[in-house]
Amino acid sequence: KTGLFSTLAKSYNNFKYSVGMRYDYEYQSVPSISNGIPPIIIRYNNNWQNVSGLFSVNYDLSKSQTLNFSSGYTTRNPAINELYSSGLHQGVSGIEEGDPNLKNERLFKNNIEYNWLPNANFSLNALAYFQQFTNYIFLNPQDEIRLTIRGAFPVFKYEQTNANIYGFDVATQFTLSNTIVGQIKYSYLKGEDIKNEVPLIFMPPNTLFASAVYRVKESIKLSNKIILEETEFSIENKYVFDQKNLLANQDFVAAPPSYNLFNVKISTKLIFPNYKIRYFINADNLFNIKYRDYLNKQRYFADDVGRSIRLGFNLKF
């Protein structure tokens with residue numbers, strides 16, 4: 001694989017302009033085995049060429065606010081697995097079939113981003129985007145459960161379509177009393193298969209995330225040689241909405257319902273004369289919520305991981 005790229009940047013008053021271009025060439029030599037009897041070796045030789053371009057404008061609204069707009073075009077050649085997969089994918093317990101006739105995926109995207117940093121204790125970021133795909137490559141569930149010597153598995157096939165993906169992200173971070181740091185993030189995303197006039201499958205559900213970290217700034221002297229410092233208590237909450245942008249016949253089972261997860265972590269550092277030890281304890285899915293992640297293909301068979309507790313330490317000497 002070989003690539004060339006070039007970037008240009010220019011500032012004028014409150015504006016910052018940048019332009020970038022890239023060219024990539026990739027050669028693939030792939031031996032594959034046919035599904036016939038007797039199986040034979042099929043050799044593929046591919047020459048892929050991809051081009052990308054990006055233009056962006058950054059405008060300083062004030063000393064604490066910036067607005068950025070970017071527009072770009074890029075192409076991506078199919079990956080090896082998208083072209084030539086033909087059999088059971090153990091990691092997802094599904095049979096995947098590639099398509100050697102897939103074409104380059106082409107994308108035209110537009111982003112607009114707003115940043116506000118009025119002081120060191122507060123920040124706000126908002127990003128909206130619209131992405132238009134031609135020959136979008138995706139793994140499409142087939143109306144088939146195939147029986148093999150290893151068992152029965154759902155069948156997926158790599159296909160192409162024209163699609164639009166759009167959404168927005170909003171995030172804020174704030175500090176309270178110099179000891180508590182909080183964060184709130186919300187993500188909205190929607191995908192549409194405009195060629196077949198159906199929702200785009202396997203799009204991440206909308207999520208709402210919040211966290212708070214309490215830091216003990218004071219050091220505690222346990223003895224003449226041992227000091228306790230950098231103690232932190234943190235809690236996280238992640239709410240995942242159910243994926244409603246999906247038709248009943250597009251997947252083997254319906255999208256799972258929404259769920260709400262809590263995680264907690266406690267960490268501290270012990271300082272000895274010649275070394276330091278940082279201890280921590282994490283508890284993920286603290287309340288042992290029963291849930292299934294829409295993007296995890298194991299959801300077809302089982303619930304996701306329940307309560308998980310980890311103990312650990314890092315030693316520096």
Side-chain angles (χ1 to χ4, degrees), residues 1-33 41-61 66-86 89 91 96-115 125-140 157-169 171 187 189-195 200 202-204 295:
K1 184 174 181 179
T2 303
L4 297 172
F5 69 93
S6 177
T7 60
L8 296 172
K10 176 68 175 178
S11 298
Y12 180 75
N13 293 335
N14 291 338
F15 289 91
K16 296 178 183 177
Y17 304 92
S18 61
V19 179
M21 297 190 68
R22 183 182 179 96
Y23 168 80
D24 289 285
Y25 170 80
E26 182 175 341
Y27 171 73
Q28 296 175 348
S29 178
V30 184
S32 180
I33 300 177
I41 296 178
I42 304 174
R43 298 187 181 277
Y44 296 92
N45 295 286
N46 302 321
N47 295 278
W48 300 104
Q49 300 184 71
N50 294 303
V51 294
S52 303
L54 178 68
F55 171 75
S56 68
V57 180
N58 190 86
Y59 177 62
D60 294 330
L61 297 170
T66 61
L67 188 66
N68 178 270
F69 171 78
S70 62
S71 182
Y73 174 83
T74 186
T75 62
R76 179 185 75 89
N77 58 270
I80 296 294
N81 63 306
E82 296 169 338
L83 291 166
Y84 308 117
S85 290
S86 181
H89 186 168
E96 296 183 359
E97 296 181 347
D99 183 355
N101 297 314
L102 293 177
K103 302 177 182 178
N104 282 55
E105 187 179 82
R106 301 195 298 272
L107 166 64
F108 178 67
K109 59 181 179 180
N110 294 283
N111 299 336
I112 185 167
E113 183 177 14
Y114 171 76
N115 287 287
N125 172 267
L127 171 69
Y129 55 89
F130 178 82
Q131 303 176 344
Q132 187 175 30
F133 289 85
T134 302
N135 297 330
Y136 175 79
I137 301 173
F138 69 109
L139 198 57
N140 195 22
K157 186 175 181 180
Y158 285 102
E159 299 180 0
Q160 288 188 299
T161 189
N162 298 332
N164 291 335
I165 297 177
Y166 52 92
F168 64 88
D169 299 322
S187 296
L189 182 147
K190 191 171 185 179
E192 297 291 342
D193 181 341
I194 58 176
K195 182 178 180 180
L200 200 58
F202 298 137
M203 290 289 101
L295 295 183

Over all heavy atoms of both residues, which pair between [X] and [Y] is shortest? Give the atoms and the distance, please.
X      : Y      : value
Pro31  : Arg43  : CB-NH1, 3.7 Å
Tyr44  : Pro100 : CE2-CB, 4.0 Å
Ala163 : Ile194 : N-CG1, 4.0 Å
Glu82  : Leu102 : O-CD1, 3.3 Å
Ser71  : Asn110 : OG-OD1, 2.8 Å

Output all residues satisfying side chain to side chain donor-acceptor pair (under 3.5 Å) with [X], sequence neighbours left out; order by chain, then residue number.
X      : answer
Asn14  : none
Asp169 : Ser187
Tyr27  : Asn45

Report yes if some heavy atom in the side chain of [X] is under 4.5 Å from a heavy atom in the side chain of [Y]; otherwise report no.
X      : Y      : value
Leu295 : Pro204 : yes
Leu200 : Glu192 : no
Thr74  : Asn50  : no

Hey, mind stepping through Val30 and Ile80 against side chain to side chain contact (heavy atoms under 4.5 Å, CB included) and telling me if it holds? CA-CA 8 Å; Val30 184; Ile80 296 294; 3.6 Å; yes
So, using salt bridge (charged side-chain N to carboxylate O under 4.0 Å, His left out) as the criterion, who are the partners of [X] when residues are at least two apart?
X      : value
Glu159 : none
Arg106 : none
Glu97  : Arg146

May I ask you to decide if the ring planes of Phe138 and Tyr136 are parallel, tilted or perpendicular, using 30° and 60° as cut-offs? parallel
Dump the intermediate steps for side chain to side chain contact (heavy atoms under 4.5 Å, CB included) on Lys109 and Tyr129, then the final yes or no. CA-CA 7 Å; Lys109 59 181 179 180; Tyr129 55 89; over 6 Å; no
Mark yes or no for whether [X], through its side chain, and [Y], through its backbone, hold a donor-acceptor pair below 3.5 Å.
X      : Y      : value
Asp99  : Asn101 : yes
Asn111 : Phe69  : no
Glu105 : Ile137 : yes
Thr2   : Tyr25  : no

At what distance, to the nearest 0.5 angstrom, does [atom1] of [X] lie from [atom2] of [Y]?
X      : Y      : atom1 : atom2 : answer
Lys103 : Thr75  : NZ    : OG1   : 14.5 Å
Asn140 : Gln160 : CG    : CD    : 12.5 Å
Phe108 : Phe130 : CZ    : CZ    : 9.0 Å
Trp48  : Arg76  : CH2   : CZ    : 10.0 Å
Phe133 : Asn162 : CZ    : CG    : 11.0 Å
Ser86  : Glu96  : OG    : CD    : 11.0 Å

Judged by modelled atom types alone, do [X] and [Y] share a side-chain donor-acceptor pair under 3.5 Å?
X      : Y     : value
Ser70  : Ser56 : no
Tyr158 : Asn81 : yes
Gln49  : Tyr23 : yes

Residues Leu67, Ile112; criterion side chain to side chain contact (heavy atoms under 4.5 Å, CB included); working and verdict: CA-CA 7 Å; Leu67 188 66; Ile112 185 167; 4.2 Å; yes
Side chain to side chain contact (heavy atoms under 4.5 Å, CB included), that's the test. Do Asn77 and Asn46 meet it? Break it down for me. CA-CA 10 Å; Asn77 58 270; Asn46 302 321; over 6 Å; no
Candidate list Asn68, Asn58, Thr66, Val57, test side chain to side chain contact (heavy atoms under 4.5 Å, CB included), partner Lys16, passing option: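 That would be Asn58.
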